[in-house]
Every structure is written in structure tokens, then in C-alpha cells.
Amino acid sequence: MRKPRRTLDWKEYENINKYASSEKRLKKFSTEGYLKVALIYPNSYKTLAGNLGFHRVFEVANSIPGVSCERFFYDKRFNRFYSLDSLRPLDEFKIWMFSISYELDFFNLMDILKKLRIPLLVHKRGERHPLIVIGGPLVTINPNLFVHIADIIYHGEAEVNLSHLLNKISESLHKEKEKLLKKVSELENISVPILNKMAHEEAIYRDVIHDPAGSVFLSKFGEFGDVFLIEVGRGCFRGCKFCTIGNLYGYFRPIRVESFIKKVEDTLSQIDNIRDFKMGLVAPAVNDHPKFDEILDYLERRNIRFSLSSLRVDKIDEKLLKGLLRSGQNMLTIAPETGSEKMREFLNKNISDEEIYDKVSMARKLGFKKIKLYLMIGLPEETKEDLELSAKMIDRISSMGFNEIVISVNPFVPKPGTPLENHKFLSIKELLEKQEVLKVKLKNVKVNFESLRESFIQYKLDHLDSRKSLKVIQVFDANGKQETFKLLKEMK
Ligand code: SF4
């Protein structure tokens, strides 16, 4: 293992060591496999640790005989990028596997390649360069972003094909890159752009109902602290028109209660002090689980504290709220999206105003002290009246006596693959005007507006075709991020 020589590199090394040594590993993996794979999350350690999908890829890759997979994350100050698992630098790995969740991570991915002097464009890389594999939710949203960078694009969920992919790579590791890529291109759900092989199949893991993903390490530096994350379902049957999960990520697969309990019990057997244990239940809408009552009963019986990644307002009930209060949660988070019932109907988010008020008031009466609401602006056909209805909803909820009310307002970003994909992203001027309507009406409430600039960049990246994505990569390579933002702004 090479140790840093420069002071700057030592700083980076120590920074990574700080996170690595904070972790409690629930599963231990060897770092001495024949095929050494770097799994790179081009975002902070905090988001890496809070991303259950990332935990799962790490676990799946390490369960393949002969494979050692190690984790890396991004920080703009880093130059060498050391592994969280062995503290080896990234350039000692031949296989670099990126997991991309968010649009802006695209720039971080390119920054990592640039810093380590790896040509961004696939046709400029040779035998001595690492093999670049790219997968994750953003690949599902817009694979065009990656066709000029990736040697291999991985589509869909890790459990379906990752073992086939890494086995193929392992078998052909000492062959020329072209031969290796030809072998890999035989696989379903895998694209090899340089060989013009593009895959469009769905890769859905059906057996997840018996085999839920759970955290494989815990750290106080994670987004949710050292909470054990576990999934209770994948996919969503609701089909809200703006949502990628309901339209792109496969059908609804609720986890079997027996499998959920087994996973939790296995984890508890490794925890020293169960009283400190807290769980985060993860699903697109956790309380849509058809046997959610049984899950709540189990958590109560075992006296386990829990929180939820997200919930359906209309399905909130007393039992759930009391369970959350027992777990020390006094903030209710809901996403009505808009205060206009007509607009919610249009979006296919069929929840009435009365249902929202009933459930929020139930939470208040039971003892919830804080509430957080997610709203959108810039929806198709949205009028000033719709925005005023959002303000009215907030007013009414404010009057229920919460100590704190937090409003998060996001501009609507039309996502590819959803029924609203062809709607436009409003101009910054139009969105600012809409923000103003809310600000005027909500003088006494704290409203957090999501960055319009970042949302605009997201929109542009989501809809880039392959020709434009090439231009974006070239400009980033030559002139950096700010010039790329300018280019995206000008692009029609
Ligand atoms: S917004 Fe929520 S309920 Fe609607 S489709 Fe998406 S995940 Fe499902």
C-alpha cells in the first residue's frame, strides 16, 4: 500500500481515515480478492452513508467469489481519492464502478477522472487506463449522459446482473480491452457504447421481497446518523405523473414481513446496546406496505425506535403516529406537492385537502410539535390561484399550533420517462415570480426555496441527447464547471 508523500495528500488520507474509523461494519469483506473493484460515489461521505442503494451495490459486489469491492467518495479538495476500506489510492484499481444518484454528481465524476489524469472520453482511453463502469438511478433517467464516458453502462438494479458483469470482467481481465468489452457486451441490461451495443431492457430484482437491502455499515457521519436503514418495499404503484420512481423504477415489490423481521433480528444480534439502536424504514412510500400494521406491531413488541424515509399522507393512522412519537420523532414530514386539490388530481396524487388536514390535525393532537411540507412550483398549467391555495394550506396548518413549520419549495423538473416529460421547465424569471407570490402570502413562515439554478441544470442534464452530452463533456474538460453551466444555459 502506497502512503501519501505530500502534506496535502496526508490531509486527504486522514480525512478519509476519520470516516473509515467511525464505522461499525455489520458485514466484513475481504480486500484481497482477485478482482479489485473501486465503487465510487461521486458525492459526500454523508450522502454515501445515507444511500441504501449504495450499501446494496457494495454488498452484492463483495458477495461474488473472488471480488473485493472498496468504497470511495468525492470531496472537491481531494486529489488522490483513498479507499474507505483499505486506504489504498484509487489509481491502484483497474475497475472503477461509479454509482450515480443525482444529476450534479455527473460533474463530480468528471472531476475525479480529470484529477487522476484519466481522459474523459472513452475513445481516448487505452489499455493502461481503468475500465469505467457507470450505473445508478441517473443512468435510468438519462443514459445519454454517459455514452461518451463509460466503457460499460450498467442498467437497473444491482442484484440482477452485477455478478454476471463482474464475473465476465474477471474472466477477461488479462485480455485486451476490446476483447473484454466484446465479452461483456453479450450480457443483457449492459451497454457498451464504443461497440454500439445499447441495452434498453428493464432489470428488476423480483426476489427483493425475500431479500431486503439493509445497511452494511453504520456511521455517525451518515445523513441519518448511525441509523440502520432497511427497505420495506421497492417501486411504487401510484404512478404520480411527475415521479420517476412511480414510472421508471419498476413495479411495487413490498418486502415479506418474515424477511424484514429476519433481517432486523440478524442485525440486532450484532448490536451491543439495543437501546441505542434506531432503524430507518426505506421505501418510496413506506406506509403503502400492505402489511404495514404487522411491521409496526413487531417494532413495538421489540421496542425498536424507527423513522420513515417517506409516507403517504392519506394512509397515516394513530398507530403509526404513536410509534413515531415513541421513537422520539416529533416532526411530521409530508409532501402534498401543492395546495390545489385540482392540481393534485391532475398530477395523479389523489389526496384531498380534507385528508391532509385530518391527518395533520391528528398528528398535532397526538403531540407532534413540528411539521415539514414539500411543495412544488412551476407545474404545468399552474395558475396564481393554485399558488394562493398552497399558501392557504400552509396558513391553515400553521394555525394548528405547531411550534415549528418548515416549508420546502422545489421547482417542478419534468423527468424523462414520466407522463410530464415534455412539459417545459419554466424560466428563472417565471419561477422567481411564483416564489414571490408565496413569499408575499407567507410572511410569517420560514420557506426554503430550492436553488433554481441547480434545478435548471438538473433539467438540462436529464434531457441531453448524446450529441449534446459530448459537447458538455468537451467543455468541462477544457474549461471546467462554470463554463459548462454557461453552455447548458445557452443550449436549446
Ligand atoms: S410521488 Fe410517491 S406515491 Fe407518487 S409515484 Fe412517486 S413514490 Fe409513488
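This chain uses plain numbering: 1 for the first residue, then up along the sequence. Counting starts at 1 for both ligands and their atoms, in listed order.
- With respect to the salt-bridge test (charged N to carboxylate O, under 4.0 angstrom), the residues Glu265 and Arg302 qualify.
- In the model, His155 has a side-chain atom that pairs as donor or acceptor with a side-chain atom of Ser191 under 3.5 Å.
- A salt bridge links Glu382 and Lys434; the closest N-O separation between the charged side-chain nitrogens and carboxylate oxygens is under 4.0 Å.
- Applying the salt bridge (charged side-chain N to carboxylate O under 4.0 Å, His left out) rule to Glu433 yields the partners Lys429; only residues at least two apart in sequence or on another chain are considered.
- No hydrogens or angles considered: a donor-acceptor pair under 3.5 Å links the side chains of Ser44 and Thr47.
- A salt bridge links Asp386 with Lys342: the distance from a Lys NZ or Arg NE/NH1/NH2 to an Asp or Glu carboxylate oxygen falls below 4.0 Å.
- Around atom 6 (Fe) of ligand 1, the protein N, O or S atoms found under 2.8 Å comprise Cys243 SG.
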